[in-house]
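Following: one structure in structure tokens, then a few remarks.
All figures in this text were calculated on a predicted structure; none of them were measured in a lab. Below, each value reflects all heavy atoms present in this structure, side chains not excepted, and no hydrogens, waters or symmetry copies.
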Protein chains: 2
Amino acid sequence: MSMPAFLRDRAEAAAPVAQMIPTDEVFSAIGVSMSFSAGEEIYAQDDESDMVYQVQRGAVRASRLLGDGRRQIAGFYYAGDLFGLEAGPTHRASAEALCDSKILVTKRSSLKHYGEAGERLERLIWRATGQELGRAQDHMMLLARKSAYERVAGFLADVAKRQGSAWNELAMSRQDIADHLGLTIETVSRMVTQLQADGLVALEGCRRFRVAAPVRLADLVAA
Amino acid sequence: MSMPAFLRDRAEAAAPVAQMIPTDEVFSAIGVSMSFSAGEEIYAQDDESDMVYQVQRGAVRASRLLGDGRRQIAGFYYAGDLFGLEAGPTHRASAEALCDSKILVTKRSSLKHYGEAGERLERLIWRATGQELGRAQDHMMLLARKSAYERVAGFLADVAKRQGSAWNELAMSRQDIADHLGLTIETVSRMVTQLQADGLVALEGCRRFRVAAPVRLADLVAA
DNA sequence: CGACTGCTTGAGAGTACTCAAGTACTGTGG
DNA sequence: CCACAGTACTTGAGTACTCTCAAGCAGTCG
């Protein structure tokens, strides 16, 4: 089964009672699949926000722009993840594909016409919103109280956990990482170099890494 | 009508169809009211999280502690606000009363036994969760990309907007503000002094202030 | 009135930023 | 297959902003 672990967990939690349909099947039964090429915008900041999205294949970043050009990446989303969940009349962030991606889209207000499948998806959406809020709180702690070194360590640990394999690919640029962590691109680069020098991670090229000291890395992130 | 604006908006959005019951009435019909004195803990970090809370009177802070004592205040909640919404098996934050407060509490999983009122409250909870996520994204932007001066300005503007009166009370200490904004208490103090010197706000004592230049303050916050 | 707690102010240190140069990938054309 | 251009990433030097440590000042409660 090719369904990633984090997706399976989410689906299980949503429907602990027997004969469940996997998350992506519920969504694909209702949503429309769209293709986006690398860098393409999926929705814009201040767009109307009655849509919900799920990454089918590829990776997505949700970014928020300030008037003077300062940028913040609210989060990265991978296959199976729901996004565009922030409420309000309009989206607070825009979303762009990091690489060529397939995205499922559905209109939130029309879910009620889809009977049980619609209800199930609605529950999945709310559950995902709650989890997203929890993750946002973790990220606020990281931004508010952690050093650059800890932030980059935390980010790499997070990517590694999500991908769950020995070698992990970074779908995003250093600039994206910097804007996610509230740092500059130079500082991110320096911290990656430092983490490597300290033997916590090993790089292969600049978009591929391996966690070399899982325990020490976990300690650093938890601290 | 003494219901604050932000609460009215929320209730209207949740039940645009005629004969609605105000948020606090829906909650008080189901929830149990509890009293907490200043500083008292409402729930602890890592407590089981099947409860939802609403501030009836007073003010609450949600805080998150790191192993080494670093603290982050995820948010402040005032009369009418729902809190404890972050998902997961346990709360990601603890909540404490900032002053003597009355708090409504209800068990999330038991809402289904309350018929229509339970459903309505459930919808309010989900809506509040979405809004909370939006606010969390705003706050991440503030933490990641704004200067100390802008952060404190943003915080005071936010408090003023919520209270909606000429003079505003700060229910929380400088330490709480610092931990919310990812700064030190000294820096918060310096920035407040600076904002005052620049004529953006006027202080009366250290817990009471007035916005002196609303437009300039708004510009600074938006920028 | 004095002690306590919370807030403000000051001086010096440190972390992350800015600006600038250099290096490594990636893709394109010869 | 290699040379070149363009982009992305890394490294370096100096600066600036916020933190740390320390002292002084208010507001509050006995």
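Contact check, T187(A) against dA16(C): no side-chain N or O comes under 4.0 Å of OP1 or OP2. A close approach under 4.0 Å does occur between a side-chain nitrogen or oxygen of T193(B) and OP1 or OP2 of dT9(C).
For the residue pair D81(A)/Y53(A), the side-chain donor-acceptor check at 3.5 Å is not satisfied. Side chains of E48(B) and T90(B): no donor on one and acceptor on the other come within 3.5 Å.
Between the CG atom of L143(A) and the C1' atom of dA16(C) there is a distance of 14 Å, given to the nearest Å. E204(B) places its CD atom 17 Å from the C1' atom of dC7(C), with the value rounded to the nearest Å. Between R207(B) atom CZ and dG27(D) atom P there is a gap of 13 Å when expressed in whole angstrom units. Atom pair R70(B):CZ and dC19(D):C1' shows a separation of 14 Å (rounding to whole Å applied).
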Polar atom pairs (N or O), protein with nucleotides 23-27 of chain C, under 3.5 Å:
none

For nucleotides 21-23 of chain D, give me every protein contact, N/O to N/O, under 3.5 Å, one pair per line with atom names.
unit_1: dC21(D); atom_1: N4; unit_2: E186(B); atom_2: OE2; d: 2.9

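Each of L203(B) and K146(A) lies near DNA chain C, and the nucleotide nearest L203(B) is the one positioned closer to the 5' end.
Note: F155(A) and H180(A) have perpendicular aromatic rings, judged against thresholds of 30 and 60 degrees for the angle between ring planes.
The stretch residues 168-185 of chain A comes close to DNA chain C through G182(A), L183(A), T184(A), each having a heavy atom under 4.0 Å from the strand.
Minimum atom distance to the side chain of A148(B) is reached by dT18(D), of the listed dT8(C), dA16(C), dT18(D).
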